[in-house]
Amino acid sequence: RSAPGMILSELEPQPDMARMRAYRLERFQAELRKRDLGGALLFDSVNIRYASGTRNGAIFNLHTPSRALFVPPEGKGVLYDQAGWAGSALALGTIGDVHDMPTFSYFYSAERGNEHAERMAAMVAGELKRHAGENRRLAVDRIEAPLINALAGQGIALTDAQGPIERARIVKSDDEIACILTSITVAETGIARIQEALRPGVTENEMFAI
């Protein structure tokens with residue numbers, strides 16, 4: 001299988017990654033508006049990447065919440081990240097602001113988790129006020145207990161973000177389909193090369209090198 005017209009290089013103009021990021025963000029925001037939500041707070045690495053294109057520390061963040069994305073019903077998102085992790089997020093076209101995240105999980109904060117969660121909740125409440133006025137309905141995907149309590153203390157009502165973002169992902173753009181084809185091409189090419197090199201006595205390291 002091959003992806004017609006595709007070259008396996010991020011420097012090529014196809015697919016248009018900026019256009020794809022904008023499409024995905026708008027798809028998700030349309031679902032938020034449809035449900036009259038004041039915004040969404042995402043911690044899941046897969047969801048953060050879908051809604052913004054940012055992917056720093058993706059695997060680590062699946063283990064311990066260390067970055068989050070606030071998505072308003074309209075406009076650019078706000079990225080909360082560990083100091084120095086955000087990289088060039090502002091250049092993606094989907095992020096309007098970047099803030100250091102008060103890391104409230106026990107892994108980072110131990111007994112100070114509630115204190116840091118309150119700081120995070122105050123920051124999120126400010127973004128809700130700025131983008132949605134008196135709408136205090138916030139969609140979240142994965143969230144830890146200290147932040148649930150802190151957001152409730154800010155008068156914020158929580159609802160599930162997974163439904164809206166899954167509905168957004170259902171419809172693929174031309175750029176997304178091109179990315180899927182390229183991904184399949186990379187995977188099948190790698191598998192074919194490994195199959196060709198299989199022989200008695202070959203080591204795992206030699207296979208991984210391919």
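These numbers come from a predicted model, not from an experiment.
Residues passing the side chain to side chain contact (heavy atoms under 4.5 Å, CB included) test with R21, sequence neighbours excluded: M17, A18, L92, T94. Taking the side chain to side chain contact (heavy atoms under 4.5 Å, CB included) definition, one finds that M123 meets it with Y80, H99, P102, sequence neighbours left out.
When side chains are defined from C-beta on, E134 counts as touching K129, because their heavy atoms get closer than 4.5 Å. No side-chain heavy atom of V140 sits less than 4.5 Å from a side-chain heavy atom of D160. For the pair I59 and H63, the minimum side-chain heavy-atom distance is 4.5 Å or more. Looking only at side-chain heavy atoms (C-beta outward), M20 and K172 stay at 4.5 Å or farther from each other. Inter-residue side-chain proximity for T54 and L69 is flagged as unmet; no heavy-atom pair is nearer than 4.5 Å. With contacts defined as side-chain heavy-atom distances shorter than 4.5 Å, the pair L62/F43 does not qualify.
The backbone N or O of T203 sits less than 3.5 Å from a side-chain atom of E206, completing a donor-acceptor pair. For R35 (side chain) and E31 (main-chain N/O), a donor-acceptor pair under 3.5 Å exists by modelled atom type. Between the D81 side chain and the D100 main chain, no donor and acceptor come within less than 3.5 Å of each other. Of the possible donor and acceptor atoms, one in the side chain of R27 sits under 3.5 Å from a partner among the backbone N and O of R167.
No hydrogens or angles considered: a donor-acceptor pair under 3.5 Å links the side chains of Y106 and E111. For the residue pair Q82 and Y108, a side-chain donor N or O sits within less than 3.5 Å of a side-chain acceptor on the partner.
Taken from CZ in R119 to CG in N114, the straight-line distance is 13.5 Å, to the nearest 0.5 Å.
Of the listed residues (V78, L147, L41), just one forms a side chain to side chain contact (heavy atoms under 4.5 Å, CB included) with V124, and that residue is L41.
For residues 117-169, the pairs satisfying ring-ring contact (aromatic ring centres under 6.0 Å, His included) are F70-H131, with sequence neighbours left out.
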